[in-house]
Amino acid sequence: GQQLNQSPQSMFIQEGEDVSMNCTSSSIFNTWLWYKQDPGEGPVLLIALYKAGELTSNGRLTAQFGITRKDSFLNISASIPSDVGIYFCAGRSMEYGNKLVFGAGTILRVKS
Amino acid sequence: DAGITQSPRHKVTETGTPVTLRCHQTENHRYMYWYRQDPGHGLRLIHYSYGVKDTDKGEVSDGYSVSRSKTEDFLLTLESATSSQTSVYFCAIRGGGGEYDTQYFGPGTRLTVL
């Protein structure tokens with residue numbers, strides 16, 4: 001089964017809107033990573049989080065490591081057309097042998 | 001850019017034929033990984049390597065083997081390809097270190113098994 005539950009599965013947003021997505025699990029994680037994948041390319045690392053409660057920004061992107069260590073959130077502010085793509089969360093947990101496990105992805109589509 | 005290349009980028013093959021995918025890195029990373037990506041599943045680990053000749057299985061290793069005879073190259077082999085192995089395959093390397101490790105991905109290989 002899916003170790004990470006990522007939501008929403010997909011979303012349409014208006015250009016300029018803020019976007020939120022999240023990743024949850026029943027297990028405790030010690031690392032959360034957020035990736036973006038453009039069509040025909042490999043995932044590109046956006047933000048890495050290593051401590052519970054940590055809040056990290058990368059331009060218009062902000063991600064947080066949930067305080068319970070079982071979830072993480074990614075926010076995109078003032079979305080633009082090039083934000084289109086698939087966003088993946090990934091986490092590392094002792095429960096999974098410290099190997100990265102991935103969410104199924106959030107497909108982001110922007111209405112121009 | 002983590003200096004990772006994959007070859008071929010696209011391949012179409014027939015059921016029952018052997019297929020080898022290559023991952024090449026230029027930055028001397030110790031850990032390398034092979035994932036497959038399928039709709040609705042995200043990325044799933046096939047095999048990984050933690051050094052030359054040191055490999056281990058991942059979540060979906062059945063039907064796949066790997067080899068690493070040099071630090072820079074990690075090969076994924078499908079001994080007898082099946083249609084269920086049609087997928088996009090990504091290689092990754094481990095960056096950072098200790099508790100701050102992360103992974104960087106190559107551009108992918110799209111494999112179609114007819």
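Sequence lines set the chain letters: A, B, ... in the order given, protein chains first and strands last, and positions in each chain run from 1. The figures that follow rest on heavy atoms only: side chains count, while hydrogens, waters and symmetry mates do not.
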Answer yes or no: are there more than 12 heavy-atom neighbours, outside B/Glu14 itself, under 6.0 Å from its atom CD?
no

Would a 4.5 Å heavy-atom cut-off, applied to side chains only, mark B/Glu59 and A/Gln3 as touching?
yes

Less than 4.5 Å apart, any side-chain heavy atom of B/Gln103 and any of A/Tyr35?
yes

Check whether any side-chain heavy atom of B/Phe90 lies under 4.5 Å from a side-chain heavy atom of A/Glu41, and answer yes or no.
no

Under a single-linkage definition using a 4.5 Å side-chain heavy-atom cutoff for Ile, Leu, Val, Met, Phe, Trp and Tyr, are A/Phe73 and A/Phe102 assigned to the same hydrophobic cluster?
no

When clusters are formed by joining ILVMFWY residues with side-chain heavy atoms under 4.5 Å apart, either directly or through shared neighbours, do A/Val19 and A/Leu61 land in the same one?
yes

Once rounded to the nearest 0.5 Å, what's the spacing between atom NZ of A/Lys99 and atom CG of B/Asp56?
6.0 Å

Within a strict 4.5 Å, meaning less than it, do heavy atoms of the B/Phe105 and A/Val44 side chains meet?
no

Establish whether B/Tyr31 and B/Tyr64 are linked, either directly or via other cluster members, by ILVMFWY side-chain heavy-atom contacts under 4.5 Å.
yes

Which atoms of A/Gln9 are under 4.5 Å from chain B, going by heavy atoms: the side chain, the backbone, both sets, or neither?
neither

B/Gln37 portion near chain A, given a 4.5 angstrom heavy-atom threshold
side chain

Spatial distance of atom OG1 (B/Thr102) from atom CG (A/Leu49) [nearest 0.5 Å]
10.5 Å

For each of A/Pro43, A/Ala48, A/Gly97, tally heavy-atom pairs with chain B at distances under 4.5 Å, and name the one with the top tally.
A/Pro43

Looking at B/Tyr35, B/Tyr33, B/Tyr48, which hits side chain to side chain contact (heavy atoms under 4.5 Å, CB included) with A/Leu100?
B/Tyr35

Sub-4.5 Å side-chain heavy-atom contact between A/Tyr96 and B/Leu45:
no

Which atoms of B/Arg9 approach chain A - backbone, side chain, both or neither, heavy atom under 4.5 Å
side chain

Answer with yes or no whether the hydrophobic clustering places B/Leu111 together with B/Val88; edges join I, L, V, M, F, W, Y residues whose side-chain heavy atoms lie under 4.5 Å apart.
yes

Count the heavy atoms belonging to other residues, nucleotides or ligands that lie under 6.0 Å from CZ of A/Arg69, then report whether that count exceeds 12.
yes

Please classify the contact of B/Leu43 with chain A as side chain, backbone, both or neither, using a heavy-atom distance under 4.5 Å.
both

Report whether B/Trp34 and B/Leu75 are members of the same hydrophobic cluster (ILVMFWY, side-chain heavy atoms less than 4.5 Å apart, transitive linking).
no

